[in-house]
Student: 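Encoded as structure tokens, here's the structure I'll be asking about.
Predicted model only: the values in this text are computed from it and were never measured.
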Amino acid sequence: MKTAFLRRTLSALLMSIPLAHAGDVSDLVDRNWIDIDSPHFRVVTDQPEDVARHMIVDLENLRYISNRVRGAQSLDGPPLTIVAMGRSSFATLGLPQNMTGVFQMSRHGYAAIARIEDYVTSAAASDVSRATILHEYHHFLLHYSPETTAYPRWYDEGMSEYWSSLVIQDGMAWFGHPVEGSYREDWLTDRTGRINFDTKWLFNTTKLNYESTRADARETARFYACAKYAIHYFNSSPELRRQLAHYLRLHNMGLSEDQAVRFAFRKSYEELDVDMRRYVERRLTARGFSTAKDALDLPQVQVKVTKLDQAATYAVLADVVPRFAKRDAKVVRELVDTNLKLHPDDPKATIIAVNHGIVDDGTARLDALLKRYPNDANLLATRAEGLHMAAVAMRDTGMPGWEAPLKEARDLARRAIKADPAHPLAYYVLGQVYKLAPGIGPVQEGVAGLDTLVIYEPRPGSFRALAHLYLRNRQMNEAIRSIRTAVAFDAAGKYPLDALLMENLEIVADMATSATADGKGMRYPSGAVYEGPLAAGKPDGKGKWLRPDGSYYEGDFVQGLPSGRGKLVSERGIAYEGEFTAGMARGIGRISFPAGGKMISYEGGVEDAVPSGPGVLVTKDGRLEATFAQGEAQGDGTFVPAHGTAPIRGKWLYGAYQWPQADKVAFAGGIDGEGRRYGMGWCRADAPVRIDPCRFKDGHQVALDTDDD
């Protein structure tokens, strides 16, 4: 299944690195910039042509080999623009001095920045600069794909480490040789000098800390080393590669990490530790592929070189650099502002300026340009995005009339797609519109928008919305695939209700398949079994449905579907006990959540395995008694903070509490365990009426990018 719209930045940094001193932007632009184009890349650089040519060829080779050997194709799209600079140029931008390559994919497309001053100019050699750029580009290849795939962190980083070791020599393309200067091997050993993989820690690590203490830096370096050589191990034989592919399939079916490891590798973590240590110690081998004409037959890369004038240089740098530098950085404002002055009537220059707050009359400028260029896809999609955000802000803060800008956003997105059928931002907006209002138009249009949105934004909520659209359209198999993907992408376990819905849909789908009867009940093609009474060849009465991973339903069946009272338990630890109707958890019941998460329990009304109707939700922050709709508090309610403050009574909209005005703003957002404003939300000022995204922590407003965990 194709994915949809997500912002993802892939960074090469492994530890905290001081920022370089920023220089003068005009000095940067005044250098001799050239544009080098190949079939899949556009490199804009101030460095020698031969260095940039080598990088383009390396990237084209990696793309070609990876697509051929991995058995998975990356999407075709516009050439990837890479701004490639030397060390002094990085200093001008204020980027970390040791940064080598960063690739970014977002609703605005994709781009990269690379430092190539020390780039090795031989395909037969590999050093840190070259390997890091190839590493980051391989992340891009993995994620820019027609297939929605959730990659565990260790797999994602390990695969990119392994494939970035590419060297081409003696008619072979080799992977797995050590990269000169990377010192990855040094981090495989613990303080006693013993190789220690600790696969349980490795496979269950979902987050790395790049900018903290030395201990964090050591932990991160060790993670990368272990991930690389774990992939090295699994690439050492056809059987191990088959097991690795099976593991990834199970992960994307929503199985927990422990279960995916157990079923795919048929070994404990401790046994895997022993096998990997022995592999590294005794038979570490590189993997090679012939580049002959009857084998890989690497393409001959043709490039075109063009000199850029100052205006063209500003246009490229203003488009790419702000994606990676800090939003409020001086260099960003100078590049974007000067680019707009050089191209005052250019839609793209105006859009960039509006998006970075360089102009105060952004909406008026966009509307004026739309009158001049009514079929410009970029203008249409950008204006649609602004209207969608306005609708969200109005809805979430209880302002009437939000439906009108949402419908206008939908119509503009439709026009943008008609003008450019492959425009990512247009599909992103269309998908977001259907997330907000699933009934706003034809189901298939919503599916198309969300299905494209998740290429760029593979977040659980987008897949959940896609699953519900499929259910509206009675496409059960597609709905199951979508909710499985939502669970797979929820690496931190923040949305446990998705796992409950997944299990509920799994049993309904099983009941619709042809099963084989045996002495005790039925066996299904999925591997699940039913034990209990039958009527007309279908489960009927009190029985139990059990999946191989340990999840199960036990209770009443009527004509082949759960109906009456029963208990549904996911192998991830979430369980529902209560009423079922026509196969779905629906009625009155109790949900218990896995230990270690934020939510503890819910009792009350349930619709399709999520809270719906009057109920009580207990979390680590407190107890909320309210009416729920689609899993979110909606209407009047009472929250009792966990740590002793007075009950808080008021109104909730779409899960956000409508705080009374304080500090001249009214906040729509969360409540922490101390009864204080908390989390991401909206701040509304009444004079003049203005709604802006904002974040609170410990009761005080903080920067939007503050870590909330």
Student: Keeping Asp273 on the side-chain end and Thr199 on the backbone end, is there a donor-acceptor pair under 3.5 Å?
Tutor: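 Yes: the side chain of Asp273 pairs with the backbone of Thr199.
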
Student: Over 60° means perpendicular and under 30° means parallel, so tell me whether Phe203 and Tyr247 are parallel, tilted or perpendicular.
Tutor: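 The arrangement is tilted - the two ring planes meet at 30° to 60°.
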
Student: Within the side chain of Asp672, is there an N or O that forms a donor-acceptor pair under 3.5 Å with the backbone of Tyr678?
Tutor: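 The answer is no, because no donor-acceptor pair under 3.5 Å joins these two groups.
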
Student: Does atom CD of Glu445 have more than 12 heavy-atom neighbours, drawn from other residues, nucleotides or ligands, at distances under 6.0 Å?
Tutor: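 Check passes, neighbour count above 12.
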
Student: With sequence neighbours left out, write down each residue that passes salt bridge (charged side-chain N to carboxylate O under 4.0 Å, His left out) with Asp636, or none if nothing qualifies.
Tutor: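 For Asp636 there are no salt bridge (charged side-chain N to carboxylate O under 4.0 Å, His left out) partners, ignoring immediate neighbours.
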
Student: With distance as the sole test, does Glu577 use its side chain to make a donor-acceptor pair with the main-chain N or O of Ala575 at under 3.5 Å?
Tutor: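 It does not hold such a pair.
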
Student: Taking side chain as C-beta onward, heavy atoms only, is Leu469 less than 4.5 Å from Leu450?
Tutor: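 Side-chain contact under 4.5 Å: yes.
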
Student: For a side-chain hydrogen bond (donor to acceptor under 3.5 Å, both in side chains) check, start with the C-alpha distance between His643 and Asp621, then their side-chain angles and the critical distance, and finish with the verdict.
Tutor: CA-CA 8 Å; His643 303 301; Asp621 288 330; 5.8 Å; no

Student: Could you work out, with salt bridge (charged side-chain N to carboxylate O under 4.0 Å, His left out) as the rule, every residue matching Asp490, not counting sequence neighbours?
Tutor: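 Residues passing salt bridge (charged side-chain N to carboxylate O under 4.0 Å, His left out) with Asp490: none at all.
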
Student: Sequence neighbours excluded, which residues qualify as salt bridge (charged side-chain N to carboxylate O under 4.0 Å, His left out) partners of Lys620?
Tutor: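 None.
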
Student: When rounded to the nearest 0.5 angstrom, what is the spacing between CG in Leu617 and OG1 in Thr619?
Tutor: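 One finds 6.0 Å between CG of Leu617 and OG1 of Thr619.
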
Student: Distance check, rounded to the nearest 0.5 Å: Thr516 atom OG1 versus Arg523 atom CZ?
Tutor: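 Going from the OG1 atom of Thr516 to the CZ atom of Arg523 covers 9.0 Å.
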
Student: I'd like to check the salt bridge (charged side-chain N to carboxylate O under 4.0 Å, His left out) partners of Arg410; sequence neighbours left out, ordered by chain and number.
Tutor: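 For Arg410, no residue satisfies salt bridge (charged side-chain N to carboxylate O under 4.0 Å, His left out) once neighbours in sequence are set aside.
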
Student: Do Asp258 and Tyr269 meet the criterion of a side-chain donor-acceptor pair at a distance under 3.5 Å?
Tutor: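 On atom types as modelled, these side chains qualify, holding a pair under 3.5 Å.
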
Student: Look only at the side chain of Tyr151 and the backbone of Trp154, and say whether a donor-acceptor pair between them is shorter than 3.5 Å.
Tutor: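 Flag not set: sc Tyr151 to bb Trp154 has no pair under 3.5 Å.
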
Student: Determine yes or no for a side-chain-to-main-chain donor-acceptor pair under 3.5 angstrom, with Ser237 supplying the side chain and Leu240 the backbone.
Tutor: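 Looks like yes, one N/O pair under 3.5 Å.
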
Student: Does atom NZ of Lys651 have more than 12 heavy-atom neighbours, drawn from other residues, nucleotides or ligands, at distances under 6.0 Å?
Tutor: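 Incorrect, the count does not exceed 12.
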
Student: Can you list everything that forms a ring-ring contact (aromatic ring centres under 6.0 Å, His included) with Tyr657? Sequence neighbours excluded, please.
Tutor: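 Partners of Tyr657 under the ring-ring contact (aromatic ring centres under 6.0 Å, His included) test: Trp652, Trp659.
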
Student: Do the non-hydrogen side-chain atoms of Ile591 and Glu603 ever get within less than 4.5 Å of each other?
Tutor: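 The answer is no; the side chains never approach within 4.5 Å.
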
Student: Is a side-chain donor or acceptor of Tyr530 paired with a backbone partner of Met511 at a separation under 3.5 angstrom?
Tutor: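 Such a contact is absent between Tyr530 side chain and Met511 backbone.
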
Student: Determine whether a donor-acceptor pair (N or O, by modelled atom type, separation under 3.5 Å) exists between the side chain of Glu632 and the backbone of Ala629.
Tutor: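 Side chain of Glu632 to backbone of Ala629: no pair is present.
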
Student: Name all residues meeting the ring-ring contact (aromatic ring centres under 6.0 Å, His included) criterion together with Tyr602; count only those two or more places apart in sequence or in a different chain, and write none if there are none.
Tutor: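 Testing Tyr602 for ring-ring contact (aromatic ring centres under 6.0 Å, His included), a comparison that skips the adjacent residues, returns Phe628.
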
Student: Can you list, pair by pair, the side-chain donor-acceptor contacts under 3.5 Å of residues 578-589, counting residues two or more places apart and other chains?
Tutor:
from	atom 1	to	atom 2	distance (Å)
Glu579	OE1	Ile588	N	3.0
Arg586	NE	Asp608	OD1	3.3
Arg586	NH2	Asp608	OD1	2.4

Student: Would you compute the distance between atom CE of Met680 and atom NZ of Lys697 and round it to the nearest 0.5 angstrom?
Tutor: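 Interatomic distance, Met680 CE to Lys697 NZ, rounded to 0.5 Å: 13.5 Å.
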
Student: Look only at the side chain of Arg572 and the backbone of Leu255, and say whether a donor-acceptor pair between them is shorter than 3.5 Å.
Tutor: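 Checked: pair present.
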
Student: Check whether any side-chain N or O of Tyr434 sits under 3.5 Å from a backbone N or O of Pro442 as a donor-acceptor pair, and report yes or no.
Tutor: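 Yes, because the side chain of Tyr434 sits within donor-acceptor range (under 3.5 Å) of the backbone of Pro442.
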
Student: For a quick test of reading the model, state the closest non-hydrogen atom pair linking Asp498 to Ile483 and the distance between them.
Tutor: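 Of all heavy-atom pairs spanning Asp498 and Ile483, the closest is O-CG1, 3.7 Å.
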
Student: Please find the pair of heavy atoms, one from Met502 and one from Met253, that lie closest to each other, and give the distance.
Tutor: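 Reported closest heavy-atom pair: SD-O, 3.6 Å.
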
Student: According to side-chain contact (heavy atoms from CB on, under 4.5 Å), who are the partners of Ala150, at least two apart in sequence or on a separate chain?
Tutor: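 Ala150: side-chain contact (heavy atoms from CB on, under 4.5 Å) contacts with His251, Asn252, Ala488, Phe489.
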
Student: What residues, two or more places apart in sequence or in another chain, satisfy ring-ring contact (aromatic ring centres under 6.0 Å, His included) together with Phe234?
Tutor: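 With neighbours one apart ignored, the set is Phe265.
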
Student: Under the salt bridge (Lys or Arg N to Asp or Glu O under 4.0 Å) criterion, do Asp411 and Arg414 qualify, and how do the steps go?
Tutor: CA-CA 5 Å; Asp411 295 342; Arg414 287 172 173 173; 3.6 Å; yes

Student: Taking only residues two or more places apart in sequence or in another chain, which ones pass ring-ring contact (aromatic ring centres under 6.0 Å, His included) with Tyr233?
Tutor: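 Partners of Tyr233 under the ring-ring contact (aromatic ring centres under 6.0 Å, His included) test: Tyr279.
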
Student: Should the ring pair Phe667 and Phe696 be called parallel, tilted or perpendicular, given that the plane angle runs from 0 to 90° and is split at 30 and 60?
Tutor: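 Phe667 vs Phe696 ring planes: tilted.
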
Student: Which atom pairs, one a donor and one an acceptor, fall under 3.5 Å between side chains of residues 545-552 and the rest of the protein, sequence neighbours left out?
Tutor:
from	atom 1	to	atom 2	distance (Å)
Trp545	NE1	Asp510	OD2	3.0
Arg547	NH1	Glu503	OE1	2.8
Arg547	NH1	Glu503	OE2	3.4
Asp549	OD1	Ser551	N	2.9
Asp549	OD1	Ser551	OG	2.8
Ser551	OG	Glu503	OE1	3.2

Student: If we count only N and O atoms by modelled type, under 3.5 Å, do the side chains of Gln630 and His468 hold a donor and an acceptor together?
Tutor: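 There is no such pair (donor and acceptor under 3.5 Å, judged by atom type) between the side chains of Gln630 and His468.
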
Student: Give a yes or no on whether a salt bridge exists between Glu257 and Lys200, defined as a side-chain N under 4.0 angstrom from a carboxylate O.
Tutor: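 Result for this pair is no, no salt bridge flagged.
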
Student: Taking CZ in Arg241 as the centre, count heavy atoms belonging to other residues, nucleotides or ligands within less than 6.0 Å. Is the count above 12?
Tutor: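 Count over threshold, so yes.
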
Student: Rounded to the nearest 0.5 Å, what separates atom CZ in Arg481 from atom CD in Gln475?
Tutor: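 One gets 9.0 Å once the value is rounded to the nearest 0.5 Å.
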
Student: Is Glu571 paired with Arg262 through a side-chain N to carboxylate O contact shorter than 4.0 Å?
Tutor: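 Salt bridge flag = no for Glu571 with Arg262.
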
Student: Test: side chain to side chain donor-acceptor pair (under 3.5 Å). Region: residues 392-404. Which pairs qualify, not counting sequence neighbours?
Tutor: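 Those involving residues 392-404 are Asp396-Trp682.
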
Student: Does Tyr495 have Arg464 sitting over its ring (NZ/CZ under 6.0 Å from centre, angle to axis within 45°)?
Tutor: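 Arg464 over Tyr495 ring: yes.
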
Student: Does Asn67 reach the main-chain N or O of Ser74 with its side chain, forming a donor-acceptor pair under 3.5 Å?
Tutor: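 Pair found, side chain donor or acceptor close to backbone of Ser74.
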
